[in-house]
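In what follows, chains carry the letters A, B, and so on, assigned in the order in which the sequence lines appear, proteins first and then strands, with residues in each chain numbered from 1.
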2 protein chains.
Amino acid sequence: MVTEPLTESGAAALSQGFKALSDPVRLRLLSLIAARAGDEVCVCELTDTFTQSGPTISHHLKVLRDAGLVSSERRGSWVYYRIVPAALGTLSQVLDPSTLAARAAGQ
Amino acid sequence: MVTEPLTESGAAALSQGFKALSDPVRLRLLSLIAARAGDEVCVCELTDTFTQSGPTISHHLKVLRDAGLVSSERRGSWVYYRIVPAALGTLSQVLDPSTLAARAAGQ
DNA sequence: CCCTGGTTTCGACGGATGTCAAACTCGACG
DNA sequence: CGTCGAGTTTGACATCCGTCGAAACCAGGG
């Protein structure tokens, strides 16, 4: 898949994904959502876990959503978030040592 | 290894790593260095690839070095950089879908 | 129809970050 | 030594980003 050094635009796209992961709060949010793989998590469950204010959590969830790492669905009064495994997988693979080796072999 | 939702300090540590990857220039630098897996790359080879100034490239290399993603060695007049595979592997594994599934199963 | 509780958006503020030019360090080579 | 080239550090500047309180939005229930 990725067998060559990153292109300028490719790097820009990937860096967006990693930037979404570059904050401790977002990483914990993602972890909490991922811990229910397949299932969903209500925002209210998340806000209770953190000391930061509700708007801040909502902001971080939006960053994760804009990066395509999670998806959200409103049902009644509550909003539920779930993981988008493919997006995580893409980022994981870029850093995978075996992918790195393959890339070196291709070059 | 990581079978539970991230702790507060664990998330902080990981976010440092991802923050180092959250810039397109650093991602391309890492890619260029990784493309020589095992071997090293001279800084002079890297600076030529980018439009940004030498000091800027040096700054980004320092960020990658401080994050433990690459290591540097001075030999004669030149400085050589190489990948630290273990560090990349750790970050990769956190995002690995199968690790995510295992974490969910453990919880 | 208007409260009430859950969630997002807006506006503002302080700190972090990418970038460059200039100054500095460190080997090598006369 | 003195200079030169490779790389790094420093200082400054503009921009971005995390955070909060206040306000707005939205669905459900008197």
Can you tell me the distance, in whole Å, between the [atom1] atom of [X] and the [atom2] atom of [N]?
| X | N | atom1 | atom2 | value |
| --- | --- | --- | --- | --- |
| A:Gln16 | D:dC17 | CD | C1' | 13 Å |
| B:Asp48 | D:dG7 | CG | P | 9 Å |
| B:Ile57 | D:dA6 | CD1 | P | 16 Å |
| B:Asp66 | D:dT8 | CG | P | 12 Å |
| B:Leu61 | D:dT9 | CG | C1' | 14 Å |
| A:Glu73 | D:dC26 | CD | P | 17 Å |
| B:Trp78 | D:dC4 | CH2 | P | 17 Å |
| A:Arg26 | D:dG18 | CZ | P | 4 Å |

With respect to the phosphate group of [N], does any side-chain polar atom (N or O) of [X] fall under 4.0 Å of OP1 or OP2?
| X | N | answer |
| --- | --- | --- |
| B:Ser53 | C:dT19 | no |
| A:His59 | D:dC17 | no |
| B:Ser58 | D:dT8 | yes |
| A:Arg74 | C:dT8 | no |
| B:Thr56 | C:dC20 | yes |
| B:Tyr80 | D:dA6 | no |
| B:Lys19 | C:dT17 | yes |

Looking at [options], which one has an atom nearest to any side-chain atom of [X]?
| X | options | value |
| --- | --- | --- |
| A:Lys62 | C:dT8, D:dG7, C:dT9 | C:dT9 |
| B:Tyr81 | C:dT7, D:dT8, D:dC20 | D:dT8 |
| B:Asp23 | D:dG7, C:dT7, C:dG18 | C:dG18 |

- Message: If only side-chain N and O atoms count, and only distance matters, is there a donor-acceptor pair under 3.5 Å linking B:Arg65 with B:Tyr81?
- Response: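 Checked: B:Tyr81/B:Arg65 side chains pair up, N/O donor to acceptor below 3.5 Å.
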
- Query: Do A:Ser22 and B:Ser15 have side-chain atoms, one donor and one acceptor, less than 3.5 Å apart?
  - Reply: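 No donor-acceptor contact under 3.5 Å links the two side chains.
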
- Message: Return whichever of A:Thr47 or B:His60 has its heavy-atom-nearest nucleotide of DNA chain C closer to the 5' end.
- Response: A:Thr47

- Message: Quick check: on DNA chain D, is the nucleotide nearest A:Ser77 upstream (toward 5') of the one nearest A:Pro55, or the reverse? Name the residue that is more 5'.
- Response: A:Pro55

- Message: Against A:His60, only a single residue in A:Val25, A:Leu27, A:Leu30, A:Leu46 fulfils side-chain contact (heavy atoms from CB on, under 4.5 Å); can you say which?
- Response: A:Val25

- Message: Quick check on side-chain contact (heavy atoms from CB on, under 4.5 Å): which of B:Glu40, B:Arg74, B:Glu73 does B:Val79 satisfy it with?
- Response: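 Result for side-chain contact (heavy atoms from CB on, under 4.5 Å) with B:Val79: B:Arg74.
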
- What about B:Leu95 and A:Leu32, same hydrophobic cluster or not, with Ile/Leu/Val/Met/Phe/Trp/Tyr joined at side-chain heavy-atom distances under 4.5 Å? yes

- Query: What is the distance from atom CG of B:Leu88 to atom CG of A:Asp96, rounded to the nearest 0.5 Å?
  - Reply: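 Rounded to the nearest 0.5 Å, the CG-CG separation comes to 9.5 Å.
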
- With sugar-phosphate meaning primed atoms plus P, OP1 and OP2, does B:Arg75 contact a base, only sugar-phosphate, or nothing at under 4.0 Å between heavy atoms? nothing

